[in-house]
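By convention in this document, chain letters (A, B, ...) are assigned in the order of the sequence lines, proteins followed by strands, and residues within each chain are numbered from 1.
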Amino acid sequence: MRWTQTLIPTLKEVPADAEIVSHQLLVRAGLVRKLAGGLYTFLPLGLRSLNKVAQIVREEMNRAGAIEVSMPCLQPPEIWQASGRYETMRDALCRVKDRAQKEWILGPTHEEVITTLAAGEMNSYKQFPKNFYQVGIKFRDEIRPRFGLMRAKEFIMKDAYSFDTTDAGAMESYKKMYDAYTRIFSRCGLQAFPVEADTGVIGGNHSHEFMVPAATGENDVVYCEKCGYAANIEKAISGVPRTAAREVGPEVEKFATPGVVTIEALSKAPYSVPANRQIKTLVYIADSQPVLILLRGDDQLNETKFMARTGAIAVRPADAKNAADQALFAALGAQPGSLGAVRNVPSDWKVYADERLQGANDMTTGANEDGYHFRNVSIERDIRVTAWFDLRTVTVGEPCAKCGGSLKIRRAIEVGHVFKLGTKYSEPLNATFLDENGQRHPSVMGCYGIGVTRTLQAVIEQGNDKDGVVWPVSVAPYQVCLTPLSVAPGSAPMELAEKLYAELTAAGIEVILDDRDERPGVKFKDSELVGFPIRVGIGEKSLAKGEVEIKPRSGAIQAVKIEAAASTVIEWVQSELKRLSPQAPVAA
RNA sequence: CGGGACGUGGCUCAGCCUGGUAGAGCGCUUGGUUUGGGACCAAGAUGUCGCAGGUUCAAAUCCUGUCGUCCCGACCA
């Protein structure tokens with residue numbers, strides 16, 4: 001491709017609406033342009049890189065035995081009602097109406113569609129196992145799209161769905177995808193690692209996310225360097241000890257704490273109750289029902305755990321500023337800051353307590369009377385706890401639950417997610433098969449997603465420097481940029497550039513020839529901004545010495561004899577591709 | 001949905017407080033000089049100052065509303 005024949009609108013200045021470096025570079029390097037919030041047009045170079053990620057995904061999915069299909073974006077709401085997600089994912093669904101005012105859903109994911117297909121076509125155990133995948137557009141009504149392609153209203157996703165006859169078979173399918181994902185991200189030059197994850201509204205009972213470490217990521221990952229434990233903070237557990245039991249105190253005692261409405265205030269003089277001897281009482285509304293959540297004063301609630309443990313679909317904290325919620329505080333008898341669960345708790349309210357409080361005594365908590373607290377509280381003696389769960393958020397430095405090592409936390413971008421679904425969709429949508437004995441069973445499913453557009457941006461987020469993008473050769477829009485410093489037809493640099501272009505192209509190398517009549521500085525800066533992995537500089541100066549200049553994007557310029565230029569470039573590209581290919585190939 | 005910031009030429013921004021002629025740099029067009037790290041000179045084109053009301057003799061500027069964008073939170077595969 002010649003530079004002048006495509007469209008590469010590079011920008012010197014940082015776009016005002018791009019916050020993180022990968023988003024800035026996507027725009028500055030002329031890869032994408034925004035149409036509206038969360039909606040992007042892919043320009044020629046951006047599309048090339050996107051397609052390369054998609055191609056790597058396809059190759060590895062095929063290698064793992066998955067088969068490609070293509071499903072409609074426009075989906076009937078009926079199948080969403082059947083699975084129950086018409087309600088549970090309601091807020092994330094983009095809905096449209098046709099001329100007859102019939103509602104359609106712009107698919108955010110395709111479990112319902114593929115399961116409907118399987119229900120019709122996969123009726124015998126002899127047809128199993130199968131793993132269907134597609135690469136296509138997904139729609140999410142994101143509350144707040146941000147960071148360019150990272151969280152968009154419309155994006156490209158690879159989604160795969162496996163169907164097995166047994167749980168063990170489903171585990172095997174899961175493992176194949178897990179391995180394929182490892183290979184995919186490795187080939188994209190990404191340092192991605194799997195972590196244990198919550199299953200959210202997708203459902204199922206076993207799940208890993210593939211994370212790319214990045215300060216700008218939207219996820220916190222808890223990990224242990226000693227044993228390799230890693231989990232999304234929404235799921236992570238730790239080995240923190242339970243609250244130390246003390247000698248059982250006397251009766252609960254009320255004491256005045258005028259104006260004290262925070263854990264911190266109570267921990268200071270004259271009260272001096274350490275946060276770890278306080279019980280924090282939160283009022284939540286879970287699926288329209290008020291509940292109390294008890295945590296130790298120095299712990300934070302993990303809402304994802306709360307939802308996962310209780311099965312709640314919609315939860316929110318009661319809001320003292322919300323008139324409707326005031327009735328809840330009135331029922332308890334106090335405002336936030338003086339709440340507790342020792343008395344005044346309506347008998348139909350569930351009280352969930354974090355396991356760290358099990359057996360705790362000599363605790364202090366709100367008295368459900370503004371300006372008063374109780375001390376000498378023994379939680380099992382004085383509080384009606386409906387159920388004990390792990391509800392707290394892990395913090396840095398806590399002991400690993402598996403090995404006792406010190407846990408760390410880092411930010412990361414979620415680029416892939418694998419789920420073992422079980423029969424969550426096959427049962428309601430009647431995806432059943434007959435076994436050898438003529439018995440009908442629901443198929444055992446798994447689902448596996450990769451955010452292709454997000455992966456592309458993650459590659460940039462991980463690969464850049466002050467001059468621009470630093471692409472891995474596997475994902476770069478072009479592998480080589482030929483930069484003749486004179487483009488006059490018939491000039492020596494241009495003649496050689498044309499010759500190298502033909503040779504490299506014939507060898508299967510992807511080349512762009514910068515045939516713009518621009519000054520050298522402009523061409524060098526642009527090639528670095530766009531980030532082509534290798535640049536061949538062809539100017540009168542080096543030609544006079546019988547040489548060209550080969551400059552890897554992240555390495556030093558080297559002078560190479562003209563005769564050796566093409567072979568040097570070819571070898572370099574091939575060795576880079578080999579370096580990015582996974583060490584241990586998986587058998588098909 | 002709550003909090004905050006911002007909407008001025010294709011891009012980045014100034015001007016607004018204190019109302020009165022719409023500006024700069026980059027980019028673009030033309031000509032010339034340049035030509036190994038984002039050149040220089042000259043000439044030029046490009047704006048209903050997001051939109052709608054209001055105040056005023058007069059509004060980019062003040063007021064109200066609205067739409068959009070970005071950030072934080074909430075929320076979220």
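The salt bridge (charged side-chain N to carboxylate O under 4.0 Å, His left out) with A/E528 is formed by just one residue from the set A/R28, A/K523, A/R553, A/R535; it is A/R535.
Only the C1' atoms considered, B/rU21 is 30 Å distant from B/rG65, to the nearest whole Å. With both ends at atom P, the span from B/rG19 to B/rA58 equals 15 Å, rounded to whole Å. As rounded to the nearest Å, B/rG10 and B/rU48 have P atoms that lie 8 Å from one another. Only the C1' atoms considered, B/rC11 is 15 Å distant from B/rG38, to the nearest whole Å. Rounded to whole Å, the P atom of B/rA60 lies 15 Å from the corresponding atom of B/rG7. Taking atom P in both B/rU61 and B/rC1, one finds a spacing of 27 Å when rounded to whole Å. As rounded to the nearest Å, B/rU56 and B/rA43 have P atoms that lie 45 Å from one another. Across the P atoms, B/rU69 and B/rC63 are found 24 Å apart, a figure rounded to whole Å.
No contact: A/D91 has no heavy atom under 4.0 Å from any strand. At a threshold of 4.0 angstrom between heavy atoms, the contacts of A/R316 with the nucleic acid are absent. Base engagement by A/S542 is indicated by at least one non-hydrogen atom pair under 4.0 Å involving a base atom. Counting non-hydrogen atoms under 4.0 angstrom, A/P9 reaches nothing in the nucleic acid. A/R535 comes within contact range of at least one nucleobase, with a heavy-atom separation under 4.0 Å. Note on A/R90: nothing from the nucleic acid sits closer than 4.0 angstrom, heavy atoms only. At a threshold of 4.0 angstrom between heavy atoms, the contacts of A/E218 with the nucleic acid are absent.
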**Request:** Could you please spell out the steps behind the side-chain hydrogen bond (donor to acceptor under 3.5 Å, both in side chains) verdict for A/D514 and A/T483?
**Result:** CA-CA 5 Å; A/D514 188 353; A/T483 308; 5.1 Å; no
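Summarising the geometry of A/Y174 relative to A/K420, their closest heavy-atom pair is CE1-N, 3.6 Å, with the distance given to 0.1 Å.
Across all strands shown, nothing is found opposite B/rC17 as a Watson-Crick or G-U wobble partner with both distances under 3.5 Å. Remark: B/rA42 base-pairs with B/rU30. Criterion, Watson-Crick or G-U wobble with two distances under 3.5 Å. Applying the Watson-Crick and G-U wobble criteria (two distances, each under 3.5 Å), B/rG53 pairs with B/rC63. A 3.5 Å limit on both hydrogen-bonding distances identifies B/rC6 as the Watson-Crick or G-U partner of B/rG68. Across all strands shown, B/rA24 forms a Watson-Crick or G-U wobble pair with B/rU12, both key distances being under 3.5 Å.
Set against B/rC76, B/rC75, B/rG37, the side chain of A/E303 has B/rC75 as its closest nucleotide.
Taking atom CG of residue A/D517 and atom P of nucleotide B/rU33, one finds them 14 Å apart after rounding to whole Å. Rounded to whole Å, atom C1' of B/rG10 lies 18 Å from atom CD1 of A/I8. Between A/K153 atom NZ and B/rC76 atom C1' there is a gap of 13 Å when expressed in whole angstrom units. Counting to the nearest Å, the C1' atom of B/rA74 and the CD1 atom of A/I285 are 14 Å from each other. Taking atom NZ of A/K525 as the reference point, atom P of B/rC26 lies 17 Å away to the nearest angstrom. Atoms NZ (A/K12) and C1' (B/rA24) sit 15 Å apart, rounded to a whole Å. Atom-to-atom, CG of A/L11 to P of B/rG38 comes out at 19 Å; the value is rounded to the nearest Å. A/L39 places its CG atom 13 Å from the P atom of B/rG68, with the value rounded to the nearest Å.
A donor-acceptor pair under 3.5 Å links the side-chain atoms of A/S207 to the main chain of A/V418, judged by distance alone.
Using cut-offs of 30° and 60° on the angle between ring planes, the pair A/H417 and A/F419 is parallel. Ring geometry for A/W3 versus A/F532: interplanar angle over 60°, hence perpendicular rather than tilted (30 to 60°).
Residues A/S542 and A/E547 have side chains that never bring a donor and an acceptor to within less than 3.5 angstrom of each other. No donor-acceptor contact under 3.5 angstrom links the side chains of A/T262 and A/E264, judged on distance only. There is a side-chain donor-acceptor pair under 3.5 Å between A/T10 and A/D526.
A/R410 forms a cation-pi arrangement with A/Y223, by the criterion of a distance under 6.0 Å to the ring centre and an angle within 45° of the ring axis.
Residue order along RNA chain B, read from the 5' end via each residue's closest nucleotide, puts A/R519 first among A/K551 and A/R519. The residue among A/H417 and A/R516 whose nearest nucleotide of RNA chain B is located toward the 5' end is A/R516.
Between the base of B/rG38 and the side chain of A/E518 there is no donor-acceptor pair shorter than 3.5 Å.
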Short heteroatom pairs, N/O only, protein and nucleotides 69-73 of chain B, under 3.5 Å:
unit_1, atom_1, unit_2, atom_2, d
B/rU69, OP1, A/G37, N, 2.9
B/rU69, O3', A/K34, NZ, 2.9
B/rC72, OP2, A/R144, NH1, 3.1
B/rC72, OP2, A/R144, NH2, 2.7
B/rC72, OP2, A/R146, NH1, 2.9

